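The first residue of the sequence shown is numbered 1, and numbering continues consecutively from there. Basis for what follows: all heavy atoms, side chains included, without hydrogens, waters or symmetry-related copies. These figures come from a predicted structure and were not determined experimentally.
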Amino acid sequence: MSEITPKKKGVFREYGEALLVALIVAAFIRLFLVSVFTIPSGSMLNTIQIGDYILVNKLSYGFKLPFSDTWIYKGEGPQYGDIIVFKYPKNPSVDYIKRVVGLPGDIMEMRDKQLYRNGEKVEEAYIIHTRPHMLGPLDNMAPYKVPADEYFVMGDNRDNSEDSRAWGTVNRDEIYGKAWRIYWSWDGKENSPRLNRIGKKLE
């Protein structure tokens, strides 16, 4: 009785199969788990630098059917202080990143650069003011109630951020997820990587 020896796969076939598996895994991760975004503006300084590449957790607030706005599972929504990536309400083809400062039902107000929520002053250690003694058009805002399923968001670089003070709130269905970590950072002025920022958790 003779044994049948299985044919060995060719080297190119083995590498090809390994590459295919890697691509499928990468596509699965990108579709269902995390997405990668780069930051082109300074509206979130100093928390997020221009040239930071960030990972966004797409399962933070639930799970959507890929390529649609249909929720398979809708968990708890964003909370105060979450940094989120979302479709810009005025142009959904553009992605924005901001911090959540107001939840559905909250009364938001600005008085001379100071944020108030439900009549209480909001202490924000993460913000910066580049023009602390100059009032701009967004530094005062009459009380505004955040609608259901909407979120009031602002940039940490408060004097250089166009945000909910200018164009309104963000609908939950337009949120990609919560910004998680910086996986790469490039200093365009110095033409060098910022190694100390790689892997930093965003909060």
Side-chain angles (χ1 to χ4, degrees), residues 35 37 39-50 52 54 56-64 69-71 73-180 182 201-203:
S35 284
F37 293 85
I39 307 303
S41 74
S43 71
M44 284 296 292
L45 291 170
N46 285 325
T47 306
I48 302 176
Q49 303 288 322
I50 298 172
D52 280 349
I54 63 173
V56 173
N57 184 348
K58 299 177 76 171
L59 299 180
S60 304
Y61 310 121
F63 178 66
K64 283 182 181 179
D69 288 327
T70 302
W71 291 93
Y73 163 70
K74 197 170 185 178
E76 189 176 22
Q79 301 299 305
Y80 298 129
D82 285 2
I83 299 172
I84 61 172
V85 176
F86 54 92
K87 297 176 184 177
Y88 175 40
K90 298 294 184 182
N91 182 0
S93 66
V94 177
D95 300 329
Y96 266 34
I97 182 168
K98 304 289 179 187
R99 189 184 295 273
V100 174
V101 296
L103 305 183
D106 283 340
I107 306 294
M108 310 303 297
E109 182 181 2
M110 291 291 296
R111 302 179 205 161
D112 297 339
K113 293 184 182 288
Q114 174 62 54
L115 176 65
Y116 288 81
R117 183 170 58 225
N118 301 321
E120 305 258 339
K121 184 186 291 188
V122 181
E123 301 296 339
E124 303 174 282
Y126 42 77
I127 67 170
I128 63 170
H129 285 288
T130 56
R131 299 185 297 275
H133 305 297
M134 185 185 300
L135 290 179
L138 302 182
D139 293 329
N140 282 285
M141 183 187 75
Y144 171 82
K145 185 174 182 179
V146 182
D149 266 347
E150 300 278 329
Y151 294 85
F152 199 94
V153 298
M154 298 176 73
D156 290 356
N157 187 1
R158 202 52 56 87
D159 294 332
N160 292 282
S161 172
E162 186 186 73
D163 45 43
S164 287
R165 297 171 293 174
W167 37 254
T169 50
V170 177
N171 187 275
R172 182 168 176 183
D173 287 342
E174 304 303 307
I175 299 172
Y176 290 110
K178 181 179 178 181
W180 177 39
I182 298 168
K201 185 178 180 181
L202 293 171
E203 52 192 4

Exercise for the section: Can you sort out the partners of E109 under salt bridge (Lys or Arg N to Asp or Glu O under 4.0 Å), two or more places apart, ordered by chain and number? Expected result: R111
Exercise for the section: Take M110 and M154 through the side-chain contact (heavy atoms from CB on, under 4.5 Å) test and state the conclusion after the steps. Expected result: CA-CA 12 Å; M110 291 291 296; M154 298 176 73; 3.9 Å; yes
Exercise for the section: Check the surroundings of atom NZ in K90: do more than 12 heavy atoms from other residues, nucleotides or ligands lie under 6.0 Å from it? Expected result: no
Exercise for the section: Could you check if a side-chain atom of V153 sits within less than 4.5 angstrom of a side-chain atom of Y96, using non-hydrogen atoms only? Expected result: no
Practice task
Kindly write out the residues that satisfy salt bridge (Lys or Arg N to Asp or Glu O under 4.0 Å) with D82, not counting sequence neighbours, or none if the list is empty.
Solution key: K178
Problem - Output field: ring centroids F37/Y176 closer than 6.0 Å - result: yes
Practice task
With sequence neighbours left out, write down each residue that passes side chain to side chain donor-acceptor pair (under 3.5 Å) with T47, or none if nothing qualifies.
Solution key: D156
Fill in the blank from the handout: Residue set satisfying salt bridge (Lys or Arg N to Asp or Glu O under 4.0 Å) with D106, at least two apart, ordered chain then number -> none
Practice task
Go through the structure and list residues passing side-chain contact (heavy atoms from CB on, under 4.5 Å) with I107, not counting sequence neighbours.
Solution key: N118, P143, K145
Practice task
Could you tell me whether the side chain of V122 reaches within less than 4.5 Å of the side chain of Y80, counting heavy atoms only?
Solution key: no
Fill in the blank from the handout: Contacts of S41 meeting side chain to side chain donor-acceptor pair (under 3.5 Å) (sequence neighbours excluded), chain-then-number -> none
Completion exercise
Sorted by chain and number, sequence neighbours left out, side chain to side chain donor-acceptor pair (under 3.5 Å) with D173 holds for W71
Handout entry: Within residues 117-133 or reaching into it, pairs that qualify as salt bridge (charged side-chain N to carboxylate O under 4.0 Å, His left out) - sequence neighbours excluded
Key = E124-R158
Practice task
Locate the shortest heavy-atom distance separating G177 from V56; write the atom from each residue and the value.
Solution key: C-CG1, 3.5 Å
Fill in the blank from the handout: Those residues at least two apart in sequence (or on a different chain) that pass side-chain contact (heavy atoms from CB on, under 4.5 Å) with S161 are S43, K98, D163, R165
Exercise for the section: Apply side-chain contact (heavy atoms from CB on, under 4.5 Å) to P147 and list each qualifying residue two or more places apart in sequence or on a separate chain. Expected result: Y144, E150, T169
Exercise for the section: Could you check if a side-chain atom of D95 sits within less than 4.5 angstrom of a side-chain atom of F86, using non-hydrogen atoms only? Expected result: no
Practice task
Hey, can you tell me if W167 and Y88 have their rings parallel, tilted or perpendicular (30° and 60° cut-offs)?
Solution key: perpendicular
Practice task
Report the residues that fulfil ring-ring contact (aromatic ring centres under 6.0 Å, His included) with Y61, sequence neighbours left out, ordered by chain and then residue number.
Solution key: none
Exercise for the section: Using a 4.5 Å cut-off on heavy atoms from C-beta on, say whether the side chain of Q49 contacts that of I39. Expected result: no
Handout entry: Partners passing side-chain contact (heavy atoms from CB on, under 4.5 Å) against L202 (at least two apart in sequence or in another chain)
Key = I48, I54, I83, A179, I182
Practice task
Would you indicate whether the side-chain heavy atoms of L135 and D112 approach each other to under 4.5 Å?
Solution key: yes
